[in-house]
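As structure tokens, the structure follows; a few thoughts come after it.
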Amino acid sequence: MTPQTTLLELKNLGVTYRTGSGDVPAVRGVDLRLDAGGTLGVAGESGSGKSTVAMSVLRLLPRSAKVTGEILLDGENVGDMRWGRLRAVRWAEASVVFQGAMHALNPVRRIGEQIAEPIRLHPPGAKPPTEAQLHARVTELLEQVDLPPSRAGAYPHELSGGQKQRVMIAMALACEPHLVIADEPTTALDVIVQAQVLSVLSKLVAERGIGLIMISHDLSVLAATCERIAVMYDGEVVEERPSHELMTAPQHDHSRALAAAFPTVGDPVSRFAPATATPLPPEPADRTEEPTLLAAEALHVTFRDRTGKRIHAVDGVDLAVRRDEIVALVGQSGSGKTTLARTLLGLQKADSGTVRYAGSPLPSGGAGLRAYRRQVQLVLQDPASALNPAHTVYEAVAEGPRIHGLPGEHDIVRKALESAELRPPEKFFDRLPHELSGGQRQRVVIAGALALGPALLVADEPVASLDASVRGEILALLLRLRRELGLAALVITHDLGLAWNIADRVAVMYRGELVETGTVEQVLLDPQHEYTKSLLQALPGGTAQRSTTAH
């Protein structure tokens, strides 16, 4: 048996950031090893140091970072490399799949040009490749990540989230590196696209023998791809074991907390505990007697693509949300979920069909539509993008009351922040978004919606970009608001585990149609439509099998 070759070794790695208020240690005493052709997952929440470790491998950290210890890539110390040698190593010997393909890709350059760029910068031979050779290589790379070569001419906004992520993988593979570092490559992707991306990575590791380091806060994603998992907490590796051992019997408290933060369909666990000091009344077992608050009736919305072909984004949808009810709208990217939500909010005009609120048709404009939007508020997916970086928390929450001319602005803002569990509210008034954590920013977005006293929230992927523990806090907040304020909610999500733990009913959307609706137990434990079954089967970690067993 041929002995394995060590591809990457970190020895006593430490990273400290120099700030105006002093040095901040981000990574302390990390020892990790990856063999050629091996796979290593690094898990942890934001601030645990996992991305700092990954970026240190190719010296991609900012100038304020001081790195100690050794980083050996193919036996060569990265810290001792001169700039010319380091430039040659990047892309050609080790590359990175950066987090958030939507932001990592250049929006004004075609996909093929961006994939070709690393090859132009690091040509494989003595001579630069010809345009024909570049075209052939881009075609080959697109096929390797299961994208049609025709997508080379597309711009990033013309691709789905999963397609953009696969483009990032193609770029990372362009110069045939020995090591690929994937930083949160499946964050915010739906389960089917997530499964496709993980399958692409696994196939490339098996076929080409590259070494893979994958970073994620989701242990189930790492377990589906990596042989070993290292869990980081507060800058240190607190546990490293084979994936199956860590998933079935985690030893460290933080490992157990990460595993528990992603409950799976069929788990016999209670809903997220409400984050209140006083006990709340039990939820009613049956909400079918509640009056309908918001309803879509035979709704149709179409668009035209670049060729003039008509696309049915919403195709004959009937959907109802009752008072004091949470409905989860699930489906993969491109299924029509967000278009349906925008139409329900009056932000997108329907070709035909009716939207009714409290029994009355949605007003077409003017004061009637403004009054409706006070009652139905949107909670956006990405709080970092939803908040104006130049506006304080007070200004962000006060914007809605000002637009609607509500009196008592200061009191409204204070109560909204209190309801969103930002306490004491006055402490946050003058803070800017960059001074808040991800969970705090999402609470500000929720507070902005609450400031108008709505009856229903439309929450578009409200926790997709958040850490494991923060997810639970935000979901507990939504459940508490429902119980205390009687808020109804339409939660748009690709996370079936989230739907299982927060929703009363589930509606499954596929290619513009609602293919299955019912209670959480009916839809997720006994699915009838093949598409619903495929969503469950795409979950990492064998969730589909556990759900049928639970049933």
Quick check: does any side chain N or O of [X] sit under 3.5 Å from a backbone N or O of [Y], one acting as donor and the other as acceptor?
X	Y	result
Arg18	Arg63	yes
Ser255	Gln251	no
Thr493	Asp495	yes
Thr392	Glu395	yes
Gln442	Gly439	no
Glu435	Leu432	yes
Arg241	Met247	no
Asp504	Ile326	yes
Asp31	Asn12	yes
Arg322	Pro291	no

Which atom of [X] lies closest to which atom of [Y], heavy atoms considered:
X	Y	result
Pro454	Ala449	CD-O, 3.2 Å
Leu212	Ala182	CD1-CB, 4.3 Å
Leu201	Pro185	CD1-CG, 4.3 Å
Arg443	Ala420	NH1-O, 3.2 Å
Thr52	Leu61	O-CD2, 3.8 Å
Val237	Ala230	CG1-CB, 4.1 Å

Are [X] and [Y] ion-paired here, with the side-chain N under 4.0 Å from a carboxylate O?
X	Y	answer
Asp460	Arg342	no
Arg480	Glu421	yes
Glu45	Lys50	no
Lys66	Asp23	no

| task | Take Leu387 and Val393 through the test side chain to side chain contact (heavy atoms under 4.5 Å, CB included) and record every step on the way to the result. | result | CA-CA 9 Å; Leu387 295 172; Val393 167; over 6 Å; no
Using side-chain heavy atoms (C-beta onward) and a distance below 4.5 Å, is [X] in contact with [Y]?
X	Y	answer
Ser56	Ile71	yes
Leu475	Asn501	no
Val221	Leu198	yes
Val265	Val520	no
Leu344	Leu362	no
Leu477	Leu479	no
Thr519	Val506	no
Pro401	Leu452	yes

Out of Thr339, Val317, Thr517, which one pairs with Met509 under the side-chain contact (heavy atoms from CB on, under 4.5 Å) rule?
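Single pass found, and it is Val317.
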Problem - The single option from Leu246, Leu32, Val231, Ile229 passing side-chain contact (heavy atoms from CB on, under 4.5 Å) against Glu240 - result: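 Checked Leu246, Leu32, Val231, Ile229 against Glu240; only one passes side-chain contact (heavy atoms from CB on, under 4.5 Å): Leu32.
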**Asked** Can you list the residues that meet the ring-ring contact (aromatic ring centres under 6.0 Å, His included) rule with His252, with sequence neighbours excluded?
**Response**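 For His252, no residue satisfies ring-ring contact (aromatic ring centres under 6.0 Å, His included) once neighbours in sequence are set aside.
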When rounded to the nearest 0.5 angstrom, what distance separates [atom1] in [X] from [atom2] in [Y]?
X	Y	atom1	atom2	answer
Phe428	Leu422	CZ	CG	5.0 Å
Arg373	Ile403	CZ	CD1	10.5 Å
Leu525	Gln522	CG	CD	10.0 Å
Leu60	Asp183	CG	CG	10.5 Å
Leu417	Gln440	CG	CD	11.0 Å
Leu299	Thr343	CG	OG1	5.5 Å

For Glu325 and Arg482: C-alpha separation, side-chain torsions, deciding distance, then whether salt bridge (charged side-chain N to carboxylate O under 4.0 Å, His left out) applies.
CA-CA 8 Å; Glu325 178 186 47; Arg482 188 264 289 277; over 6 Å; no
Original post:
Does the side chain to side chain donor-acceptor pair (under 3.5 Å) test come out yes or no for Asp218 and Ser216, once each step is laid out?
Top reply: CA-CA 5 Å; Asp218 189 338; Ser216 179; 5.6 Å; no
Indicate whether the side chain of Glu409 and that of Tyr394 have a donor and an acceptor atom separated by less than 3.5 Å.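 Note: Glu409 and Tyr394 side chains meet the donor-acceptor criterion.
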Just checking, is any N or O donor in the side chain of His217 or Glu184 under 3.5 Å from an acceptor N or O on the other one?
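Judged by distance alone, the side chains do pair up.
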Pair Thr354-Glu297, side chain to side chain donor-acceptor pair (under 3.5 Å): steps then yes or no: CA-CA 5 Å; Thr354 305; Glu297 301 172 356; 4.6 Å; no
Item to complete: Given side chain to side chain contact (heavy atoms under 4.5 Å, CB included), test Leu481 with Leu450 step by step and report yes or no.
Response: CA-CA 10 Å; Leu481 293 173; Leu450 296 177; 3.9 Å; yes
Using the six-membered ring wherever Trp is involved, compare the ring planes of His410 and Phe429 and label them parallel, tilted or perpendicular (cut-offs 30° and 60°).
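Taking Phe429 first and then His410, their aromatic rings stand perpendicular (interplane angle over 60°).
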#### Entry: Aromatic plane relationship, Tyr372 with Tyr357 - under 30° parallel, 30 to 60° tilted, over 60° perpendicular
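If you compare the ring of Tyr357 with that of Tyr372, the planes turn out perpendicular.
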Exercise. Please report the C-alpha distance between Leu40 and Met214 in whole Å, then the side-chain angles of each, then the deciding distance to 0.1 Å, and finally whether the side chain to side chain contact (heavy atoms under 4.5 Å, CB included) criterion is met.
Key: CA-CA 6 Å; Leu40 173 67; Met214 193 154 84; over 6 Å; no
**Prompt:** Between Glu461 and His494, is a side chain to side chain donor-acceptor pair (under 3.5 Å) present by the stated rule, with each step listed?
**Reply:** CA-CA 8 Å; Glu461 298 283 6; His494 60 257; 2.8 Å; yes
Note to self: Is there a side chain to side chain contact (heavy atoms under 4.5 Å, CB included) between Tyr17 and Val15? Walk through the geometry before answering.
What the structure shows: CA-CA 7 Å; Tyr17 291 103; Val15 180; 4.3 Å; yes
